[in-house]
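Below you'll find the structure, written out as structure tokens, and then a few comments.
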Amino acid sequence: PANKPVVIATWKVPNATEAAWKVLSAQGSALDAVEQGTRVEEADTKNQSVGKGGRPDREGQVTLDACIMDHKGNCGAVLYMQNVTHAVSVARKVMEETPHVMLAGDGAEQFAYEKGFPKENLLTGASEKEWKQWLEKSEYSPVINIENHDTIGMLALDEEGNLSGACTTSGMAYKMAGRIGDSPIIGAGLFVDNEIGAATATGMGEEVVKTVGSFLVVELMRQGYNPQEACEEAINRIVKNNSKYKDIQVGYIALNKKGEYGGYCIQKGFNYQVYQNEGHQNIPGASYL
Ligand code: SD4
């Protein structure tokens, strides 16, 4: 069918979806596609929400969260990892080469070095300068769509009809040291069920974790919702439980087994990227507000 292969990703990330498309259009796997695609954003120092160049926590440390999940239900994650750019690839190594699903902090970092990943300074001059400005007031009030924009969650359906997903981030800017968001948590920041579909999240991770957002989106698709409706209902759950929803941004994207996709968020300003046979496009996400 014409609906596959297809790749979708949170935010305006044409270089990332293009890298994923290269894999998919050469009959590559969805798993390789989402890894290659998300690596583009990890390496891009201009993206200050992912990988190298990411905004630090309030102590000035850049700490990365990432996970990956394949069509067999295998998954791997790294949490709060420092000094290694390609968190998504380390997550894949956790999935494929350890008996575990998650490695955190120093353990994740040491594992990455054992697997040959280079040690790098992830704090760029630009992010350090902004952090120092932030320190003057030290107020943690995440700026919707700006300060915490561009975590990349990516979902792909390959030529064989298999689904995979990946999610990688430096987390909320100026978070407390030790804070972990939704992005490396399977079921929250990402979930893939090869029978049904896949979903991933961006925005205020705490709200996504509280509602087990990506798992919810996939389960709603299992019950018959299309990807768009499933994202809408998962956002409704957050809004219903939270009197402060006007100050919060969360966005979901979803892709089902048929290659249909959708996206929805609380606040205006979210968009997502799609690449399929018909070409490349950026779609403004419909929003609750
Ligand atoms: C987090 N969900 O750490 C991430 C942040 C994010 O775009 O999505 N930024 O909570």
Side-chain angles (χ1 to χ4, degrees), residues 8-13 16 38 40-42 44 46-58 61-68 77-82 87-88 91 102 104-105 108 122 127 130 140-155 165-191 199-217 231 234-235 238 242 244-245 247-254 263-273 282 285 287:
I8 68 174
T10 54
W11 306 107
K12 192 167 194 168
V13 288
T38 52
V40 169
E41 296 302 312
E42 289 179 335
D44 182 355
K46 285 194 242 51
N47 183 336
Q48 289 177 284
S49 296
V50 181
K52 198 182 213 172
R55 292 190 180 85
D57 65 15
R58 58 187 71 173
Q61 310 171 111
V62 182
T63 67
L64 306 184
D65 290 343
C67 71
I68 192 161
V78 292
L79 294 68
Y80 204 72
M81 184 179 69
Q82 297 183 47
V88 72
M102 297 180 174
L122 305 184
S127 287
E130 285 180 21
Y140 183 69
S141 51
V143 185
I144 291 159
N145 292 336
I146 301 173
E147 205 165 79
N148 294 290
H149 183 295
D150 279 348
T151 284
I152 182 166
M154 182 179 273
L155 310 171
C167 187
T168 178
T169 189
S170 49
M172 300 298 274
Y174 321 128
K175 59 194 176 183
M176 290 174 68
R179 181 267 188 186
I180 312 279
D182 61 314
S183 304
I185 309 293
I186 295 296
L190 174 74
F191 196 69
T200 188
T202 181
M204 180 82 79
E206 282 73 7
E207 300 308 314
V208 177
V209 169
K210 285 193 255 177
T211 50
V212 201
S214 292
F215 183 73
L216 176 60
V217 172
C231 291
I235 290 291
I238 292 176
N242 199 316
K244 296 194 184 126
Y245 71 87
D247 301 321
I248 292 168
Q249 175 65 307
V250 171
Y252 290 112
I253 59 171
Y264 197 66
C265 57
I266 302 175
Q267 318 274 341
K268 286 189 181 61
F270 172 62
N271 50 71
Y272 60 101
Q273 199 74 28
N282 182 267
S287 60

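Just follow the structure's listing: the first ligand is 1, and inside any ligand the first atom is 1. We number each residue from 1, following the sequence as shown.
- Less than 4.0 angstrom separates some heavy atom of Ser183 from each of these atoms of ligand 1: 2 (N), 4 (C).
- Near Thr202, meaning under 4.0 Å from any of its heavy atoms, are these atoms of ligand 1: 6 (C), 7 (O), 8 (O), 9 (N).
- Closest heavy-atom approach to atom 8 (O) of ligand 1 within the set Gly203, Gly153, Ala173: this belongs to Gly203.
- Here's the thing with Thr151: one of its N/O atoms is less than 3.5 angstrom from an N/O atom of ligand 1.
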Q: List the steps and the verdict of salt bridge (charged side-chain N to carboxylate O under 4.0 Å, His left out) for Glu206 and Arg179.
A: CA-CA 10 Å; Glu206 282 73 7; Arg179 181 267 188 186; 2.9 Å; yes

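- A donor-acceptor pair under 3.5 Å links the side-chain atoms of Gln267 to the main chain of Ile248, judged by distance alone.
- At distances below 3.5 Å, not a single donor-acceptor pair connects side-chain atoms of Asp65 with backbone N or O atoms of Pro184.
- For atom 3 (O) of ligand 1, the nearest non-hydrogen atom from the set Arg179, Lys175, Arg55 comes from Arg179.
- Among the atoms of Asp65, none of the N or O lies under 3.5 angstrom from an N or O of ligand 1.
- In this structure, Val50 and Trp11 have side chains that are not in contact, with every pair of non-hydrogen atoms separated by 4.5 Å or more.
- Considering backbone and side-chain N/O of Gly171, none are found under 3.5 Å from N/O of ligand 1.
- Heavy-atom proximity to Asp182, at under 4.0 Å, picks out these atoms of ligand 1: 1 (C), 2 (N), 4 (C), 10 (O).
- When each atom of ligand 1 is checked for a heavy atom of Gly205 under 4.0 Å away, the hits are 10 (O).
- At distances below 3.5 Å, at least one donor-acceptor pair connects side-chain atoms of Lys175 with backbone N or O atoms of Ser170.
- Below 4.0 Å from some heavy atom of Met172 lie the following atoms of ligand 1, by number and element: 3 (O), 5 (C), 10 (O).
- Below 3.5 Å of separation, one finds no N or O of Glu206 facing any N or O of ligand 1.
- In this structure Cys265 satisfies the side-chain contact (heavy atoms from CB on, under 4.5 Å) test together with Gln249, Phe270, Ser287, sequence neighbours excluded.
- Lys52 is linked by a salt bridge (Lys or Arg N to Asp or Glu O under 4.0 Å) to Glu120, counting only residues two or more places apart in sequence or in another chain.
- Checked against the 6.0 Å centroid criterion, the rings of Tyr252 and Tyr264 do not qualify as a close aromatic pair.
- Contacts with ligand 1 closer than 4.0 Å are made by no heavy atom of Ser49, backbone or side chain.
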